[in-house]
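Step one of this worksheet: look at the structure below.
So you know, we letter chains A, B, ... as the sequences are listed, proteins then strands, and number each from 1.
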There are 2 protein chains.
Amino acid sequence: MARQERAIKTRKVILEAAGAVFDEHGYTATTIAMVLERAEVTKGALYFHFPSKESLAQAVLDEQIPRGAVPPQPCKLQELVDITFVFGQRLLNNSLLKGSVRLAVDQCAPPGVDHSGPYRQWADHLVLVLEQAAAQGELLPTVEPRQTVELLVGAFAGIQLMSRALTDRADLAERISVLWGHILPSVAVPGLLTGIDRSPDRGVRVLAGIEETDADEAELDLSRR
Amino acid sequence: MARQERAIKTRKVILEAAGAVFDEHGYTATTIAMVLERAEVTKGALYFHFPSKESLAQAVLDEQIPRGAVPPQPCKLQELVDITFVFGQRLLNNSLLKGSVRLAVDQCAPPGVDHSGPYRQWADHLVLVLEQAAAQGELLPTVEPRQTVELLVGAFAGIQLMSRALTDRADLAERISVLWGHILPSVAVPGLLTGIDRSPDRGVRVLAGIEETDADEAELDLSRR
């Protein structure tokens, strides 16, 4: 592996370990030593990438959007729906995302860590998708994309929280489906409503497609060496 | 004051102090000593009411519903809307509620504290209001009251969280108004839609009415002595 490639891999290993530790213990109780033990990297490697616990937390917080990608859809509202289901599905077993969401939600982080970041980043990201939907004539004329995406981001944050508290997120996909069932009629033009797939297993199906593509690309990557 | 009355007042003072300390420091960092100092009561008085930090946290968590009362309305959907606006408004300056919400949202509380309580209690409370709305013919036939109230509770939790992170809750009433703007058309029969008041200052106005009533009752109470 080239040096840069190795550095990227190490950074990823550290982030994943940090996400897991933040998820289990929260910001305050997490120590660099705990992350080191989980990541099985040297102290020097960790401090090379992250000079402090704050910077580690900030990097974990900033990972949500890059990990929220889904395949583009001709219907942009469907793509928006997919983003929520895929993120919900990933929250079930991705420790980095779990830790990131806990950091955004807990009040424990010190002033140096901007835990409002994910809310703003998600809204900025999703508003582009909703504006594309508007440009394609998918939205009712009453929709103000910024208001709608901020509602979605806030509501999603709370729904995953409630699902975590009640069922350790086992019913999260059901709850996301109910959210869309209530919101779509106020957002989509009537002709689109029945065509948008918001069944609870949507996330599993979209994710299966993504992972196949990832595996194909990895294979391609390997055959190139 | 009779002895029982004094005990009720002391319990209230302790709960309010505990709410404030939990709000500022979170569960883990809060100590009984901090609550004692804030409440200005004796150690004996505190332990008489709350034998442990867990029991104190549990009592703070259980205060949300009793403090969510609003005047009954002929239109039950309006009453439901009012509950959300009034709770949002109270969250701005009621330390006990702020602390209670932080305990429900933070993952820090130990297994002994049931921080899923407020989600279930709110849903159980609100479903009764929505069922009354159904009985009065206010709801579309597609509405399943339990699903809708669980969505409302989860979405509200996240919306207040996002509002806290971005504006220290200054825009919470606006966000609650946007939530209802998106949800009501999927819930209410069309004839009711324009009649339901969901303007952002709804909470302030309803609360002004409640406080007048409270003041009147206190006066009446005093004149009886």
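Within 6.0 Å of the CD atom in B:Q132, the count of heavy atoms belonging to other residues, nucleotides or ligands exceeds 12. Other residues, nucleotides and ligands contribute over 12 non-hydrogen atoms within 6.0 Å of the CD atom of B:Q136. For B:E24, the CD atom sits in a packed shell: over 12 heavy atoms of surrounding residues, nucleotides or ligands are nearer than 6.0 Å.
Taking both residues in full, the closest heavy atoms of B:S116 and A:A165 are given as CB-O, 3.4 Å, listed atom of the first, atom of the second, then distance. Across all non-hydrogen atoms, the minimal contact from B:V105 to A:D106 is O-OD1, 4.2 Å.
Taking A:L166, A:V143, A:I183, A:L151 one by one and counting their heavy-atom pairs under 4.5 Å with chain B, the maximum is reached by A:L151. Per-residue heavy-atom pair counts under 4.5 Å with chain A were compared for B:L161, B:L152, B:D23, B:T142, and the maximum is reached by B:L161. Ranked by non-hydrogen atom pairs under 4.5 Å with chain B, the options A:Q147, A:R175, A:R120, A:R164 are led by A:R164.
Using a 4.5 Å cut-off between heavy atoms, B:Q160 does not touch chain A at all. Residue A:E150 touches chain B through both its backbone and its side chain, counting heavy-atom pairs closer than 4.5 Å.
Put simply, OG on B:S186 and CH2 on A:W180 are 12.0 Å apart, with the number rounded to the nearest 0.5 Å.
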